[in-house]
Amino acid sequence: MRRGSTLLLIIVAFVGLIVAVAASLLHNGLSARARPSAMEEMLARNAWHLSIPSDARGMHNPLPASEENLKDARLHFADHCAICHANDGSGDALFGRGLYPKPPDLRQAETQKRSDGELFWIIENGVRFTGMPSFASHGMDNDSWKLVLFIRHLPKLTAEERLQMSRYNPKSPEDREEEKEEDEFLNGTTPQKSGTSNSHP
Ligand code: HEC
């Protein structure tokens, strides 16, 4: 009898929890513009941390943080990752702002606390049910290890490095044209605009 009522209590608490989580997930009509609640974020982080195999978490980065490796990773990040994570890792980027869950600020402790193996595993495998894709390198894993070096470097990223990265961000044809005009202007080679014609040379 006693056992029966404890079981009932557990079932009621469990159903209550599911209803509360579902209500918190659905109250915004599944819009990607919402911010996850603190509880949702905490649950997702813990579930995800546990889902990474422990031998993967224990892997060490085989590459040194040399200037060359960091430069490769910076340009790779600018080209493949910054569209969601932003060049500085803040997540304040066109796609990043519109995703749910949003990319976390990679400079903060929550990410920096992760082991090298964990960061590598996330880059290689992606995160299911989120915008984070898998960048599986199928054994040619130097690129992912270099990216791990760069994530460690992010809190110390200089303004000069950021500027260099912005040249490697994917661009639309209009952006490229604008950039070319800026370059021409800065180099003093802007063609003189005549009053009568606005055609380009
Ligand atoms: C299309 C968008 C998108 C792209 C492109 C992308 N990411 Fe992500 N990334 C995300 C999102 C969203 C998350 C958060 C996932 C979650 O909530 O669990 C994330 C999470 C991460 C994390 C885990 C951070 C943490 O501590 O929670 C790392 C590391 C990461 N991304 C690295 C990269 C790297 C390196 C690249 C490029 C090779 C990249 N991402 C490209 C969207 C993206």
To the nearest 0.5 angstrom, please state how far the [atom1] atom of [X] sits from the [atom2] atom of [Y].
| X | Y | atom1 | atom2 | answer |
| --- | --- | --- | --- | --- |
| Glu181 | Glu184 | CD | CD | 7.0 Å |
| Asn169 | Leu94 | CG | CG | 11.5 Å |
| Glu177 | Lys171 | CD | NZ | 13.5 Å |
| Glu160 | Leu163 | CD | CG | 8.0 Å |
| Asp183 | Arg167 | CG | CZ | 5.0 Å |

So, do [X] and [Y] sit near enough that their side-chain heavy atoms are less than 4.5 Å apart?
| X | Y | value |
| --- | --- | --- |
| Glu118 | Lys113 | no |
| Arg74 | Glu161 | yes |
| Gln164 | Lys71 | yes |
| Arg114 | Ile151 | no |
| Glu124 | Ser137 | yes |
| Pro53 | Trp121 | yes |

Given the rule that I, L, V, M, F, W and Y join up when any side-chain heavy atoms are under 4.5 Å apart, are [X] and [Y] in one cluster?
| X | Y | answer |
| --- | --- | --- |
| Leu157 | Tyr168 | no |
| Phe135 | Leu63 | yes |
| Val15 | Leu7 | yes |
| Leu99 | Phe77 | no |
| Leu8 | Ile10 | no |

- Would you say Ser144's side chain and Ile123's backbone share a donor-acceptor pair under 3.5 angstrom?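 Checking the backbone N and O of Ile123 against the side chain of Ser144, no donor-acceptor pair under 3.5 Å is found.
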
- Message: Using modelled atom types and a 3.5 Å cut-off, is there a donor and acceptor pairing between side-chain atoms of Asp72 and backbone atoms of Asp143?
- Response: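 Answer holds: no.
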
- Would you find more than 12 non-hydrogen atoms of other residues, nucleotides or ligands less than 6.0 Å from Arg57 atom CZ? yes

- Query: So among Lys102, Arg97, Arg107, which one has a salt bridge (Lys or Arg N to Asp or Glu O under 4.0 Å) with Asp92?
  - Reply: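 Single pass found, and it is Arg97.
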
Minimum heavy-atom distance between [X] and [Y], given as atom pair plus value:
| X | Y | value |
| --- | --- | --- |
| Thr111 | Arg152 | O-NH1, 4.2 Å |
| Trp145 | Asp116 | CZ3-O, 3.8 Å |
| Ala56 | Ile52 | CB-CG2, 4.3 Å |
| Gln112 | Leu106 | NE2-O, 2.9 Å |
| Leu147 | Cys81 | CD2-SG, 4.4 Å |
| Ala93 | Ala82 | CB-O, 3.4 Å |

- Message: Ring-plane angle category for Phe150 and His153, please: parallel below 30°, perpendicular beyond 60°, tilted otherwise.
- Response: tilted

- Message: side chain to side chain contact (heavy atoms under 4.5 Å, CB included) for Met132 and His85? Distances and angles first, verdict last.
- Response: CA-CA 10 Å; Met132 174 62 194; His85 286 284; 4.2 Å; yes

